[in-house]
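Quantities reported herein were computed from a predicted structural model and do not represent experimental measurements. Just so we're on the same page: letters track the sequence lines, and every chain starts at 1.
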Number of protein chains: 2
Amino acid sequence: MAVTIKDVAAAAGVSQSTVSRALSMPELVSPVTRARVQAAARRLGYEPNRAARGLITGRTANLGLVVPDLANPLFAAVVKGVQAAARAADYSVFIADTDEDASAEPGLLRALAKQVDGIVLCSPRSPDAELTEAGTDTPVVLMNRQVAGYPAVTVDNADGMRQAVEHLAALGHRRVCYVAGPRSSWSNGQREQGLRATAEAVGVDLVHLGHFPPRFDGGVAAADLALASGASAVVAYNDIVALGLLSRLGARGVAVPDRISVLGCDDIPMSAMTHPALTTVAVPQHEAGRAAVAMLLALLSDAGPTAPQRELATQLVVRATTGVAPDPAALTDRRADRSR
Amino acid sequence: MAVTIKDVAAAAGVSQSTVSRALSMPELVSPVTRARVQAAARRLGYEPNRAARGLITGRTANLGLVVPDLANPLFAAVVKGVQAAARAADYSVFIADTDEDASAEPGLLRALAKQVDGIVLCSPRSPDAELTEAGTDTPVVLMNRQVAGYPAVTVDNADGMRQAVEHLAALGHRRVCYVAGPRSSWSNGQREQGLRATAEAVGVDLVHLGHFPPRFDGGVAAADLALASGASAVVAYNDIVALGLLSRLGARGVAVPDRISVLGCDDIPMSAMTHPALTTVAVPQHEAGRAAVAMLLALLSDAGPTAPQRELATQLVVRATTGVAPDPAALTDRRADRSR
DNA sequence: GTGAAAGCGCTAACAA
DNA sequence: TTGTTAGCGCTTTCAC
């Protein structure tokens with residue numbers, strides 16, 4: 001059996017309550033006994049039993065994190081951020097991977113809610129209804145998504161797209177196509193909106209393609225359409241899709257960025273490893289994870305605003321897949337060739 | 001407050017003990033009361049408080065998982081496997097990411113040990129000593145590594161390398177170089193050994209390069225050396241390194257597999273997404289995660305063998321980066337050119 | 001087959 | 001400042 005508070009009390013010659021106080025609220029106990037208790041605790045290697053403590057305080061010192069897919073590097077970054085912040089605050093974190101199965105979510109949420117003080121919910125696509133339905137009294141912070149009445153941390157997707165379009169416009173692109181992600185994705189909606197607004201503002205034609213699954217094969221499937229759209233640049237819903245695009249374009253012998261520029265979103269590690277390296281919009285998921293935990297912790301102590309919101313900045317990262325727009329004449333010729 | 005066993009007892013008109021029994025050991029209670037209790041429990045949405053239960057049973061129904069880096073797709077697969085198996089057995093899992101910092105491990109392990117029934121430890125590089133030092137009485141299962149006296153699940157690295165070398169030999173390669181991973185990595189040791197044995201058996205020259213960090217830039221750094229080694233094929237410690245190799249080779253305009261073949265290990269998702277797609281040795285990390293949990297659970301119930309071992313098969317996946325060996329004369333010429 | 005009571009390890013009133 | 005007591009929600013003897 002592990003060493004309990006009783007053992008420490010006996011060793012230090014004080015009562016259990018004194019041990020408890022000496023360790024949790026040291027200022028309430030005289031310096032001399034405090035020292036004696038702490039020495040005994042250290043000597044015996046005492047660590048309070050969190051379950052027992054939780055039973056009485058109602059706090060578990062655990063946080064829950066729900067992600068759709070741990071194998072997705074984007075969510076891996078979130079997890080690391082959440083972990084780091086949680087550990088710093090002496091919280092442990094339960095992670096639940098829904099395997100992209102939104103229907104499993106309510107059950108998971110309910111199960112989690114019992115054993116944690118708060119939950120970070122990263123479920124880009126499950127319908128809002130499920131959230132409220134699952135309605136536990138455990139505080140929940142949403143990631144990458146806003147639902148009325150819920151605290152959330154998001155990134156400024158629209159501004160990221162603004163940077164992207166302005167970058168392309170500055171390179172002379174006049175016709176840009178967007179390979180859309182899932183219709184139900186909140187981020188996708190934000191991105192479309194930012195794209196549309198900026199395209200109009202800078203006088204760029206925007207061609208909307210999709211929706212495509214947010215995966216490599218989604219990009220593969222979209223590549224030929226993008227090429228045929230007459231656009232000289234394509235913005236993908238995310239980096240994985242952009243990678244698929246690049247792959248198919250490469251297989252067809254289409255030069256990137258000479259013939260067509262490609263731009264992703266998220267800045268997953270892989271983006272810097274392709275050849276040519278992918279220009280993309282970095283979304284600070286690690287920081288977002290940390291912010292979500294901070295928000296949760298704040299919610300747990302003082303209530304503060306009922307549903308705080310935090311939006312993090314995005315940042316264009318220019319690499320090698322975007323370049324000066326090709327001569328429109330050359331493009332037109334090509335298309336003419338093709339239609340012959 | 002959540003609904004407790006007391007509420008259910010009141011609702012069903014029985015004692016707490018009967019509720020407890022009806023739910024945990026249904027055969028000990030009469031069918032009619034059992035039904036009544038279960039109905040009440042369901043109606044009230046009762047879920048037992050795991051902490052309270054754990055306090056008395058000594059079981060937490062939690063498992064711990066320590067990985068060096070969640071952003072590494074290999075470990076992501078492990079996590080998913082562990083999760084799946086744990087959830088099936090109604091266990092939750094705490095995940096701790098050491099951020100590749102082996103020195104943080106003992107502390108993490110101790111902290112984890114308090115709140116879980118068993119730990120899956122995935123720490124390829126930390127010295128054996130730390131393990132035994134951390135020596136908790138919580139059962140630990142090692143992944144991808146064997147240490148005397150510890151249960152472990154591993155993959156057959158050596159056999160994977162056998163398949164790799166035989167594949168290359170069959171393609172006519174006579175000189176193969178290995179870009180080694182970290183010296184302290186158990187897997188790397190196994191791979192080197194398998195490589196050496198098979199190379200000798202099939203009459204292939206083996207050139208040992210490295211050790212390199214098991215990252216993309218490790219591969220980038222190794223590429224020129226590999227090319228200069230006179231080998232017509234290069235086997236990388238893992239896929240990420242192979243990707244780095246591919247990148248640098250591509251930047252230098254070296255044709256893969258025409259000039260040189262490249263072979264990775266692990267079969268991470270990215271391997272299928274490169275162009276050309278990477279030939280690699282698949283290691284079943286998802287299954288390994290599940291196996292580790294199964295082992296842990298077995299350890300928890302009946303003791304069984306003190307330190308069970310389980311080794312999973314690896315499987316060569318042939319894609320596009322390995323091809324017929326170039327004419328040796330061509331290679332020689334090239335090198336002659338260069339030395340001029 | 002069921003209930004009463006004890007107690008897991010801890011903290012929080014309440015006394016002293 | 002410290003000790004005593006009660007009790008968190010649950011399981012498990014031990015009676016009945």
Starting from [atom2] on [N], measure out to [atom1] on [X] and report it in whole angstrom.
X: B/Leu55; N: D/dT11; atom1: CG; atom2: C1'; answer: 10 Å
X: A/Asp7; N: C/dC8; atom1: CG; atom2: C1'; answer: 13 Å
X: A/Leu44; N: C/dG9; atom1: CG; atom2: P; answer: 14 Å
X: B/Leu28; N: C/dG3; atom1: CG; atom2: P; answer: 14 Å
X: A/Ile56; N: D/dA6; atom1: CD1; atom2: C1'; answer: 9 Å
X: B/Gln115; N: C/dC10; atom1: CD; atom2: P; answer: 13 Å
X: B/Glu27; N: C/dT2; atom1: CD; atom2: P; answer: 13 Å
X: B/Gln16; N: C/dG1; atom1: CD; atom2: P; answer: 21 Å

- Message: Please classify the nucleic acid contact of B/Ser20 as base, sugar-phosphate, or nothing, using heavy-atom distances under 4.0 Å.
- Response: base
- How is B/Arg50 classified with respect to the nucleic acid when contacts are heavy atoms under 4.0 Å: base, sugar-phosphate, or nothing? nothing
Is it the case that the side chains of [Y] and [X] hold a donor-acceptor pair, with the cut-off being a distance below 3.5 Å and no angle test?
X: B/Ser17; Y: B/Ser20; value: no
X: A/Arg145; Y: A/Ser123; value: yes
X: B/Gln115; Y: A/Ser92; value: yes

Taking only the side-chain nitrogens and oxygens of [X], find out if one of them lies under 4.0 Å from OP1 or OP2 of [N].
X: B/Thr57; N: C/dC8; value: no
X: A/Thr4; N: C/dG9; value: no
X: B/Ser17; N: C/dA5; value: no
X: A/Thr18; N: D/dT2; value: no

- Inter-axis angle, terminal five-pair segments of the helix from C/dG1-D/dC16 to C/dA16-D/dT1 [nearest 10°]: 40°
- Message: So, taking the atom named CG in A/Asp7 and the one named CG in A/Leu44, what distance separates them when rounded to the nearest 0.5 Å?
- Response: 6.5 Å
- More 5' along DNA chain C: B/Val14 or A/Tyr46, using each one's nearest nucleotide? B/Val14
- Note on the structure: Result for 5'-nearest mapping on DNA chain C, choosing between A/Ile5 and A/Arg21, is A/Ile5
- Select from B/Pro48 and A/Val32 the residue whose nearest nucleotide in DNA chain D is closer to the 5' end of that strand. A/Val32
- Item | Option among A/Leu63, A/Val153, A/Val140, A/Thr138 that satisfies the side-chain contact (heavy atoms from CB on, under 4.5 Å) test with A/Leu296 | A/Leu63
Contacts under 3.5 angstrom, residues 285-294 of chain A side chains, donor-acceptor by atom type, not counting sequence neighbours:
unit_1: A/Gln285; atom_1: OE1; unit_2: A/Asn144; atom_2: ND2; d: 3.0
unit_1: A/His286; atom_1: ND1; unit_2: A/Arg290; atom_2: NH1; d: 3.4

- Okay, side chain of A/Asp266, backbone of A/Ile268: is any donor-acceptor separation there less than 3.5 Å? no
- Message: Nearest to the side chain of A/Thr33, heavy atoms from C-beta on, is which of D/dT11, D/dG7, D/dT2?
- Response: D/dT2
- Message: Side chain of B/Ser15 only, heavy atoms from C-beta on: which candidate in C/dG3, C/dT11, D/dC10 is closest?
- Response: C/dG3
- Query: For A/Leu55, which residues count as a side chain to side chain contact (heavy atoms under 4.5 Å, CB included) partner, sequence neighbours excluded?
  - Reply: B/Asn49, B/Ala52, B/Leu55
